[in-house]
Amino acid sequence: MTQLATFTGQPTGGEGVSYEEFLRLTDGMHAEWVDGEVIPGVAISRTHDNAHNFLHHVLDGFVGDRGLGEVHRDPFQMKTGPGLPGRAPDLIFVANEHLNRLHENYLEGPADLAVEIVSPGNASTDFVDKYREYETGGVGEYWILDPVNQTADFFVLTEGRFARAQADSEGVYRSAAVPGFWFRLAWLWERPPLSKILPELLAGPPGEIAPPA
């Protein structure tokens with residue numbers, strides 16, 4: 001495969017790389033496409049990777065059990081709309097009614113849920129650039145998780161703008177985009193065994209009656 005470094009930066013002539021060419025040249029590599037430039041992904045930390053793997057298993061397990069749609073992870077691409085960058089969120093959820101937006105290697109249109117896990121040095125991209133792009137592109141719900149500082153920010157698209165959402169007083173967050181999905185914030189940092197939390201997750205949030213099997 002052609003080395004990604006060949007295509008980074010602004011190409012000669014100022015025309016940039018088309019998104020179609022970007023998909024072909026990177027072919028599943030960790031990279032993003034912004035204003036015709038290929039932005040290579042940076043190495044992630046062990047803490048980032050652990051949080052990523054844990055949440056992927058939890059979310060994918062729930063979505064698969066309920067038959068709600070599909071979950072994909074970086075480097076799978078999301079191109080929310082014309083004139084907007086091609087990003088590779090750490091996780092995306094696409095509901096059944098929007099599966100027609102999925103191509104073999106990218107999502108053409110907004111995800112119902114996009115998740116970014118903060119790494120040292122990329123917080124401004126997640127909180128400023130991607131926040132604005134995902135809001136403009138119509139992503140239904142956006143989570144920014146910081147496993148180092150153990151913070152979680154949740155935003156739900158409301159009348160075209162992101163509105164902040166909160167966990168309840170017991171530290172339980174209920175997703176607006178994934179029907180029935182909830183979790184305890186502490187799980188993100190403690191990463192308990194999936195065999196322990198999945199039954200609780202599938203039974204429903206505390207104080208609620210579990211849905212019929």
Side-chain angles (χ1 to χ4, degrees), residues 1-45 48-49 51-52 56 70-95 98-146 148 151 153-164 177:
M1 177 185 294
T2 307
Q3 292 298 309
L4 177 59
T6 305
F7 303 98
T8 59
Q10 182 63 40
T12 303
E15 296 181 357
V17 175
S18 70
Y19 189 61
E20 291 73 17
E21 186 178 16
F22 162 78
L23 291 172
R24 180 177 60 83
L25 294 174
T26 55
D27 190 23
M29 298 174 68
H30 176 59
E32 296 183 326
W33 180 85
V34 182
D35 295 329
E37 295 187 36
V38 179
I39 310 298
V42 298
I44 61 173
S45 67
H48 181 291
D49 200 40
H52 190 189
H56 176 253
E70 294 186 14
V71 175
H72 294 278
R73 59 184 300 171
D74 179 14
F76 196 83
Q77 282 278 315
M78 178 178 72
K79 183 76 163 62
T80 55
L84 291 169
R87 296 294 191 178
D90 285 294
L91 291 171
I92 60 173
F93 161 69
V94 183
H98 299 141
L99 293 181
N100 61 328
R101 299 174 183 173
L102 285 168
H103 297 262
E104 186 60 29
N105 54 356
Y106 78 105
L107 173 66
E108 184 178 11
D112 294 274
L113 167 67
V115 180
E116 297 287 0
I117 300 173
V118 175
S119 291
N122 79 341
S124 63
T125 300
D126 294 334
F127 279 99
V128 179
D129 299 333
K130 292 184 179 181
Y131 178 99
R132 181 178 61 249
E133 294 162 13
Y134 294 174
E135 181 182 64
T136 300
V139 171
E141 187 173 5
Y142 180 33
W143 303 352
I144 307 175
L145 309 179
D146 184 342
V148 174
T151 61
D153 293 89
F154 305 103
F155 306 94
V156 175
L157 196 69
T158 305
E159 297 182 352
R161 301 294 298 272
F162 276 146
R164 185 176 290 274

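Along the sequence shown, residues carry numbers from 1.
- The CD atom of Glu70 lies 5.0 Å from the CG atom of Leu99; values are rounded to the nearest 0.5 Å.
- Leu102 places none of its side-chain heavy atoms less than 4.5 Å from the side chain of Asn100.
- Nearest heavy-atom pair across Ala31 and Ala88 is O-CB, 4.1 Å.
- Considering every non-hydrogen atom in both Val139 and Pro110, the closest pair reads N-CB, 3.6 Å.
- Between the CE atom of Met29 and the CZ atom of Phe22 there is a distance of 9.5 Å, given to the nearest 0.5 Å.
- In this structure, His56 and Val71 have side chains that are in contact, with non-hydrogen atoms separated by less than 4.5 Å.
- Expressed to the nearest 0.5 Å, how far CD of Glu133 lies from NZ of Lys79 amounts to 10.0 Å.
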- Message: Between Thr80 and Thr136, does the side-chain contact (heavy atoms from CB on, under 4.5 Å) criterion hold? Intermediate values first, please.
- Response: CA-CA 8 Å; Thr80 55; Thr136 300; over 6 Å; no
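- Asp90 and Arg73 are not joined by a salt bridge, as no carboxylate oxygen comes within less than 4.0 angstrom of a charged side-chain nitrogen.
- The CD1 atom of Ile39 lies 11.5 Å from the NE2 atom of His30; values are rounded to the nearest 0.5 Å.
- Taking the centre and axis of the six-membered ring of Tyr142, the NZ or CZ atom of Lys130 falls outside the cone set by 45° and 6.0 Å.
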- Item | Candidate pair Gln77 and Leu107, rule side-chain contact (heavy atoms from CB on, under 4.5 Å), full reasoning | CA-CA 6 Å; Gln77 282 278 315; Leu107 173 66; over 6 Å; no
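- Between Pro89 and Met78, the closest heavy-atom pair is CG-CE, 3.8 Å.
- The pair Arg87-Glu32 meets the salt-bridge criterion, with a side-chain N (NZ, NE, NH1 or NH2) lying under 4.0 Å from an Asp/Glu carboxylate O.
- With sequence neighbours left out, Phe155 forms a ring-ring contact (aromatic ring centres under 6.0 Å, His included) with Tyr131.
- Phe154 approaches Leu145 most closely through the heavy-atom pair CE2-CD2, 4.3 Å.
- Partners of Phe93 according to the ring-ring contact (aromatic ring centres under 6.0 Å, His included) rule, which considers only residues two or more places apart in sequence or in another chain, do not exist here.
- Taking the six-membered ring for Trp and thresholds of 30 and 60 degrees, His52 and His48 have ring planes more than 60 degrees apart, a perpendicular arrangement.
- To the nearest 0.5 Å, atom OH of residue Tyr19 and atom CZ of residue Arg24 are 14.5 Å apart.
- Here the straight-line distance linking atom CD of Glu116 with atom CG of Asp153 works out to 13.0 Å at 0.5 Å rounding.
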- Message: If you apply the rule side-chain contact (heavy atoms from CB on, under 4.5 Å), what do you find for Val118 with Val148, and how did you get there?
- Response: CA-CA 8 Å; Val118 175; Val148 174; over 6 Å; no
- Task: Show the numbers, then the answer: is there a side-chain contact (heavy atoms from CB on, under 4.5 Å) between Trp143 and Leu113?
- Result: CA-CA 8 Å; Trp143 303 352; Leu113 167 67; 3.5 Å; yes
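- Taking every heavy atom of both residues into account, Ile44 and Ser119 meet most closely at CG2-OG, 4.4 Å.
- Taking both residues in full, the closest heavy atoms of Ala177 and Asp112 are given as CB-O, 3.2 Å, listed atom of the first, atom of the second, then distance.
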